[in-house]
Amino acid sequence: MISFLLGAAGFVLMTVALALVVILRRPAEVDHMMAAQLLGTGGGAILLLLATATETPPIVDVALLLALFASFAAVAFVRSAPGQESEV
Amino acid sequence: MEVSSVMNSSEEQGRPAEPPVTGTGILGSAISRAAGFFAFWLALTDANSGDLAAGLAAAVAATWASLRLMPAEQWNLNPVKLARFTLHFLRQSIVAGTDVALRALDPRLSLRPGYVVYQAQLPPGTKRNAFCAVMSLLPGTLPCGSAEGNGLTIHCLDVAAPVVEQLAAEEALFLRTFGGAQRND
Amino acid sequence: MNLALDIFTVSAVSAGALFFLAGTVGLLRFPDSLTRLHALTKVDNLGLGLVVLGLLPQTNGLFGALKLVSIWLLVQLSGAIVTQLIAGTVRRRGSNG
Amino acid sequence: MTIFAVFDIGLVVLILGIAVSTIAARDAFAAVIGFVVYGLLLSIAWVRLAAVDVALTEAAIGGGMTGMLMLGAVARLRFAGGNDISISLPVRFATAVLCALVAAGLAIAVLSPPDAIPTLAPMVMENLAQSGLGNPVAGVLFVYRALDTLLEKVVLILALLGVWSLAPDSVWGGIPGLRVYARRSSTLTFLAQLLPPVGIVVAIYMCWVGAKEPGGAFQGGTVLAAMWLLVMIAGLKRVPSIGQPWLRPLLVVGPVIFLAIGLAGMVLANAFLAYPPGYAKPLIVAVEVALTLSIGVALGLLAAGPLEQAQQQ
């Protein structure tokens with residue numbers, strides 16, 4: 001079971017890595033803004049899998065903070081995106 | 001005072017007079033919010049008995065902030081209807097995820113993306129915001145701002161699908177579940 | 001009993017991982033920013049939901065399970081709202097950003 | 001090769017890739033996004049290094065708060081037309097050399113450790129029970145290195161004074177120039193109504209749990225600061241002027257209580273910052289609660305930036 005959960009965490013990490021490469025290589029800034037959200041879901045899944053696999057419940061708290069700050073970062077990105085102030 | 005200044009001018013015109021919330025209404029929503037926050041605390045601390053006092057403090061602080069940020073409103077909640085709506089919503093969000101996943105994996109990439117304007121019945125306010133959040137998890141739709149009148153601009157993956165009819169059905173269900181804040185202007 | 005739970009975990013977590021893969025494929029193949037946002041929100045949320053569902057039998061006790069579910073709810077809720085914010089930004093600038 | 005090793009190598013490759021792309025980004029906004037992603041990924045790396053306390057701090061500070069500070073700087077530069085300033089080649093070269101030197105120094109320190117790594121960890125674990133705490137990190141921070149922890153909090157206030165002193169005299173006592181969301185958005189309002197109460201519960205949980213498990217005042221305070229900033233960005237509450245009567249007491253309450261308990265220790269326990277036997281845990285929890293509030297206010301005001309408007313009557 002432990003190696004299965006770790007393998008799943010590794011698999012999700014791989015898909016997150018691929019998605020990050022795709023997002024960050026695109027020219028449009030809005031694509032970059034999706035990166036924080038991607039880590040909120042993908043990073044959360046990886047951490048929850050690690051917490052169960054290594055039987056370390058405090059890791060679940062890291063997932064909680066990651067979810068909270070990923071959405072905070074996404075709001076900050078949207079707020080400070082270039083061109084935002086010209087549209088007041 | 002500060003809350004109403006948040007609405008932009010077009011939204012302010014469409015904003016109906018809020019139904020007066022009675023003292024018991026405020027107390028009721030304070031109790032239910034506090035119960036929710038305390039349940040969240042129990043989940044966080046594994047219901048450890050040594051942590052209950054701090055949990056009460058947390059629930060009180062969170063409820064105070066919540067009432068200041070989002071004043072109590074009349075939500076006629078019925079547990080049976082709520083459960084039915086939750087099940088429906090869960091099923092729809094599974095359908096939504098599967099739908100997009102299949103489109104992504106489909107070699108032909110069957111997409112006809114575009115915008116649709118949906119005239120919402122719900123006036124601007126907390127309930128409409130909640131409905132927008134529900135919509136963004138429904139199959140193929142993603143609200144991205146307000147349009148003329150009481151309209152919402154919706155981005156769809158497939159404009160040929162009967163999006164407006166689907167959304168009207170979803171909104172009707174939402175109204176039946178959470179109480180209809182009908183436009184009274 | 002234990003075996004049945006383990007099989008449940010393996011199948012739900014695998015399904016969740018597949019959804020993460022499908023979401024990434026969507027990000028790669030979809031033509032514009034808004035359609036990619038659909039892929040990110042809906043598919044990844046379902047992926048995380050399935051991973052959480054699969055991990056539920058492995059948690060100790062009801063409250064441990066509740067904690068996982070509340071994290072998923074938090075991600076789902078804030079994701080649903082943040083996506084609309086990003087989508088609004090895209091719409092104002094035209095789909096090509 | 002175990003499955004752990006495969007996972008770790010993949011993670012390290014990803015983090016290095018993001019780091020390189022952050023350095024190589026031509027546009028400041030893209031670079032900040034890269035940095036935030038880097039911080040969030042780093043918190044997974046700290047988890048793998050079994051440093052959950054650091055992982056929590058990294059997710060909060062590296063992923064959230066530093067990104068917010070740098071986005072503020074980017075917006076300010078753009079407003080001032082700073083994006084057009086071309087940096088001359090020698091300056092770029094000097095910057096690159098300095099960064100490379102720092103990186104090389106760190107690499108040497110990490111890659112050539114002494115044969116016997118000096119550690120006090122066994123002694124900490126032996127004596128931790130005396131303090132009544134369960135989290136060794138909290139034990140080190142509040143029992144063995146309490147002076148460092150106290151000074152760290154004072155530094156935060158000094159940093160804030162530094163930011164405030166950038167303002168011209170005419171607006172002293174006025175309102176920080178936090179840029180609120182340009183268009184009033186009911187979507188953002190909704191998020192700022194729902195998320196902060198949840199964040200308050202998480203912040204109190206972080207502060208409370210810090211005594212026995214990973215967590216603590218810094219993580220909790222950062223969550224509070226982020227939630228406060230979210231409410232201000234959405235325009236639900238105004239950015240307060242720094243002359244507000246409630247603001248300055250909150251800012252110093254943590255360090256002041258810490259200092260008071262430290263001074264009391266000179267009388268009751270014969271040393272500065274020593275705790276009387278049996279009272280260590282309740283005193284430390286009291287200090288943590290006060291510090292959480294102070295850190296939250298200080299970080300929120302740091303991110304809100306220098307003063308820009310005079311106080312409105």
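Note that the coordinates shown come from a computational prediction; the quantities given were computed from them, not determined experimentally. A, B, ... follow the sequence lines: proteins, then strands. Residue 1 opens every chain. Basis for what follows: all heavy atoms, side chains included, without hydrogens, waters or symmetry-related copies.
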Looking at every heavy atom in both [X] and [Y], which two are closest together, and how far apart are they?
{"X": "A/V30", "Y": "C/S33", "value": "CG2-OG, 3.5 Å"}
{"X": "C/V82", "Y": "A/A74", "value": "CG1-CB, 3.4 Å"}
{"X": "C/A17", "Y": "A/F11", "value": "O-CE2, 3.3 Å"}

Quick one: pull up [atom1] in [X] and [atom2] in [Y] and give me the separation to the nearest 0.5 Å.
{"X": "A/M34", "Y": "C/T41", "atom1": "CE", "atom2": "OG1", "answer": "8.0 Å"}
{"X": "C/T89", "Y": "A/E29", "atom1": "OG1", "atom2": "CD", "answer": "10.5 Å"}
{"X": "C/D32", "Y": "A/R26", "atom1": "CG", "atom2": "CZ", "answer": "9.5 Å"}
{"X": "A/F77", "Y": "C/L85", "atom1": "CZ", "atom2": "CG", "answer": "13.5 Å"}

Partner chain A: residue of C/V75, C/L40, C/T9 with the largest heavy-atom pair count (under 4.5 Å) =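 Among C/V75, C/L40, C/T9, the one with the most close pairs to chain A is C/L40.
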key: Max heavy-atom pair count under 4.5 Å with chain A, selected residue of C/V51, C/L27, C/L74   =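 Sorted descending by pairs with chain A, the first entry is C/L27.
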Note, [X] side chain near [Y] side chain (heavy atom, < 4.5 Å):
{"X": "C/V10", "Y": "A/M1", "answer": "yes"}
{"X": "C/I86", "Y": "A/Q37", "answer": "yes"}
{"X": "C/S78", "Y": "A/F72", "answer": "no"}

Heavy-atom distance under 4.5 Å to chain A: side chain of [X], backbone, both or neither?
{"X": "C/V25", "answer": "neither"}
{"X": "C/S70", "answer": "neither"}
{"X": "C/L68", "answer": "side chain"}
{"X": "C/I81", "answer": "neither"}

Between chain C and each of [options], count heavy-atom pairs under 4.5 Å; write down the option with the most.
{"options": "A/T41, A/I23, A/L38, A/V22", "answer": "A/T41"}
{"options": "A/D31, A/V21, A/L66, A/V12", "answer": "A/D31"}
{"options": "A/L18, A/L48, A/L5, A/L20", "answer": "A/L48"}

C/D6/A/F4 under side chain to side chain contact (heavy atoms under 4.5 Å, CB included): CA gap, chis, key distance, verdict = CA-CA 10 Å; C/D6 280 2; A/F4 167 75; over 6 Å; no
ask   = Which residue pairs pass the side-chain hydrogen bond (donor to acceptor under 3.5 Å, both in side chains) test when at least one of the two sits in residues 57-74 of chain A, sequence neighbours left out?
value =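 Matches after skipping sequence neighbours: A/D61-C/K67, A/D61-D/Y205.
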request  = Could you tell me whether a side-chain N or O of A/T52 sits under 3.5 Å from a main-chain N or O of C/L55, the two making a donor and an acceptor?
outcome  = no
task = Measure A/L49 against the heavy atoms of chain C and call it side chain, backbone, both or neither at under 4.5 Å.
result = both
Chain C contact via A/V60 - which portion, at a heavy-atom distance below 4.5 Å =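 Looking at A/V60, backbone and side chain both touch chain C.
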inquiry  = For the CD1 atom on A/I2, are there more than 12 heavy atoms of other groups (residues, nucleotides or ligands in this structure) within a distance under 6.0 Å?
reply    =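 Atom CD1 in A/I2 is not crowded, with 12 or fewer foreign heavy atoms closer than 6.0 Å.
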